[in-house]
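Below, chains carry the letters A, B, ... as their sequence lines are ordered, and counting in each starts from 1.
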Number of protein chains: 2
Amino acid sequence: METMTRTTTDTLTIRQMCDAFGVTPRTLRFYESKELLFPLRQGTRRLFSHKDRARLTLILRGKRFGFSLEDIRQLLGMYDPAGSNAAQLEKTHEIALERLAQMEAQRADLDIAIAELKGQLIEVQGRIARFRAAAE
Amino acid sequence: METMTRTTTDTLTIRQMCDAFGVTPRTLRFYESKELLFPLRQGTRRLFSHKDRARLTLILRGKRFGFSLEDIRQLLGMYDPAGSNAAQLEKTHEIALERLAQMEAQRADLDIAIAELKGQLIEVQGRIARFRAAAE
DNA sequence: CGTCATATTTACGTTAACGTCAACTTTGAT
DNA sequence: ATCAAAGTTGACGTTAACGTAAATATGACG
């Protein structure tokens with residue numbers, strides 16, 4: 001039969017987590033070691049909560065934007081209730097403002113790049129067409 | 001028709017290039033070794049043309065989007081007159097279409113991330129405000 | 001109970017993208 | 001002519017972000 005992972009809890013094993021997000025166990029353990037994820041333990045085994053899943057979503061998205069794991073770790077502080085003192089909150093706020101500016105700049109940059117790439121695409125298509133026309 | 005002997009440097013030395021783009025000599029030499037740049041030589045010294053500058057602009061932008069140098073190298077093929085045969089052009093076209101899709105996906109993703117980040121910012125600002133209110 | 005799949009820790013290996021030195025050579029200015 | 005500045009080629013070092021392999025543990029199942 002199948003291994004019935006009938007989980008009454010809303011936590012995922014490391015394998016379920018990997019399947020859900022398309023990453024390897026090594027990656028999840030690595031992220032935990034870097035304090036990006038904080039899975040619970042059932043004995044020695046990791047159990048990933050909903051919160052971990054939310055964080056992993058943000059981590060992977062951040063990576064797609066070219067952010068380093070350290071950048072991402074600091075950003076994740078915002079989603080934590082951990083900011084228990086004023087100084088912490090202030091710093092988190094500062095970092096977030098900085099990242100926001102970064103991302104908006106990146107967005108503008110991206111628009112330019114997309115426009116240019118489209119232009120070049122048309123160019124290349126033209127060259128291909130002329131190639132074909134000359135081929136007969 | 002036109003005279004072409006000018007003293008105005010149409011090319012830049014490696015140092016001028018570094019100052020203009022905020023990179024190190026090592027980086028430029030590295031990019032050359034990876035066939036991303038093709039500076040001319042005056043004896044043993046490198047001279048960077050306008051074309052090299054255009055390419056470097058694209059390289060640095062690509063990096064900001066999280067593309068690898070290899071990804072970027074392939075994309076740069078589009079800006080070359082090097083696509084001398086049909087197969088080459090076709091492949092370049094294919095790669096460009098792929099990157100374009102990637103970038104448009106990234107843009108959509110970025111919009112979501114920006115919106116979420118703004119939401120969290122408001123949250124954090126609220127927490128800070130409450131902290132201050134409680135501090136008196 | 002023994003087996004098997006799944007998990008864990010430890011630790012060394014790998015790739016990309018440069019940094020950093022060392023040991024020349026070249027060139028412009030004095 | 002010389003001397004410092006700027007440039008060159010190796011070649012080894014470094015960091016981030018994992019990969020990979022070995023030895024061990026644990027829990028479910030027949």
Side-chain angles (χ1 to χ4, degrees), chain A residues 1-9 11-49 52 55-76 99 102, chain B residues 7-9 11-49 52 55-76 99 102:
Chain A
M1 281 280 181
E2 276 184 39
T3 316
M4 262 297 149
T5 27
R6 154 103 190 139
T7 308
T8 12
T9 76
T11 60
L12 299 184
T13 69
I14 198 169
R15 183 103 298 279
Q16 293 171 327
M17 192 75 170
C18 289
D19 293 345
F21 287 90
V23 297
T24 70
R26 179 66 174 98
T27 298
L28 296 181
R29 296 191 191 109
F30 181 70
Y31 289 169
E32 181 185 6
S33 79
K34 293 288 176 168
E35 300 181 44
L36 292 160
L37 296 177
F38 306 93
L40 305 172
R41 294 305 180 103
Q42 163 189 288
T44 143
R45 305 192 158 174
R46 290 167 178 82
L47 287 180
F48 296 86
S49 67
D52 289 314
R55 293 174 72 93
L56 185 53
T57 299
L58 293 174
I59 293 167
L60 298 180
R61 187 154 66 200
K63 287 205 61 185
R64 266 175 270 139
F65 300 152
F67 287 147
S68 74
L69 291 185
E70 180 53 25
D71 282 347
I72 295 170
R73 194 186 61 78
Q74 295 184 333
L75 249 182
L76 284 175
R99 289 279 173 280
Q102 224 176 102
Chain B
T7 356
T8 63
T9 65
T11 59
L12 299 184
T13 70
I14 197 167
R15 184 102 297 275
Q16 293 172 326
M17 192 76 170
C18 289
D19 292 345
F21 287 89
V23 298
T24 70
R26 179 67 174 97
T27 298
L28 295 180
R29 297 192 190 109
F30 181 71
Y31 288 170
E32 182 184 8
S33 79
K34 292 290 177 167
E35 299 182 42
L36 291 160
L37 296 177
F38 305 94
L40 304 173
R41 292 306 179 103
Q42 163 189 289
T44 140
R45 304 189 159 176
R46 290 168 178 82
L47 288 180
F48 296 85
S49 67
D52 288 314
R55 292 173 73 93
L56 185 52
T57 298
L58 292 174
I59 292 168
L60 297 180
R61 185 154 68 200
K63 287 205 62 187
R64 266 176 270 138
F65 301 152
F67 288 144
S68 73
L69 291 183
E70 179 53 26
D71 282 348
I72 295 170
R73 195 186 61 78
Q74 295 185 333
L75 249 184
L76 284 176
R99 290 281 174 279
Q102 230 175 97

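- For the pair A:R41 CZ and D:dG27 P, the computed distance is 14 Å after rounding to whole Å.
- Proximity of B:L58 to B:L76: side-chain heavy atoms (C-beta onward) are separated by under 4.5 Å at one or more points.
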Donor-acceptor pairs under 3.5 Å, side chain of residues 33-41 of chain B to any protein atom, not counting sequence neighbours: which ones?
unit_1, atom_1, unit_2, atom_2, d
B:S33, OG, B:F30, O, 2.7
B:R41, NH1, B:T44, O, 2.9
B:R41, NH2, B:E32, OE2, 3.2

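- The separation between A:E32 atom CD and D:dC18 atom P is 15 Å, rounded to whole Å.
- Taking the side chain as every heavy atom from C-beta outward, A:R99 and A:F67 approach each other to under 4.5 Å.
- Side chains of A:I72 and A:K63 form a contact here, defined as non-hydrogen atoms less than 4.5 Å apart.
- Using modelled atom types, no side-chain atom of B:Q74 and backbone atom of B:D71 make a donor-acceptor pair closer than 3.5 Å.
- At a threshold of 4.0 angstrom between heavy atoms, the contacts of B:R29 include nucleobase atoms, whether or not backbone atoms are also involved.
- Taking atom CZ of B:F48 as the reference point, atom C1' of D:dG7 lies 11 Å away to the nearest angstrom.
- Distance, A:I14 CD1 to D:dG27 C1': 16 Å, rounded to whole Å.
- Between B:Q16 atom CD and D:dG7 atom C1' there is a gap of 13 Å when expressed in whole angstrom units.
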May I have the list of side-chain donor-acceptor pairs in residues 17-29 of chain B shorter than 3.5 Å, sequence neighbours left out?
unit_1, atom_1, unit_2, atom_2, d
B:D19, OD1, B:R15, NH1, 3.0
B:T24, OG1, B:R26, N, 3.4
B:T24, OG1, B:T27, N, 3.2
B:T24, OG1, B:T27, OG1, 3.0

Encode nucleotides 17-30 of chain C as B, S and - characters from 5' to 3', where the letter depends on protein heavy atoms closer than 4.0 Å: B to the base, S only to sugar-phosphate, - to neither. BBBB-----BS---
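- Atom CG in A:L47 sits about 13 Å away from atom C1' in D:dG27, given to the nearest Å.
- Remark: P of C:dT15 and CG of B:D71 are 17 Å apart, rounded to the nearest angstrom.
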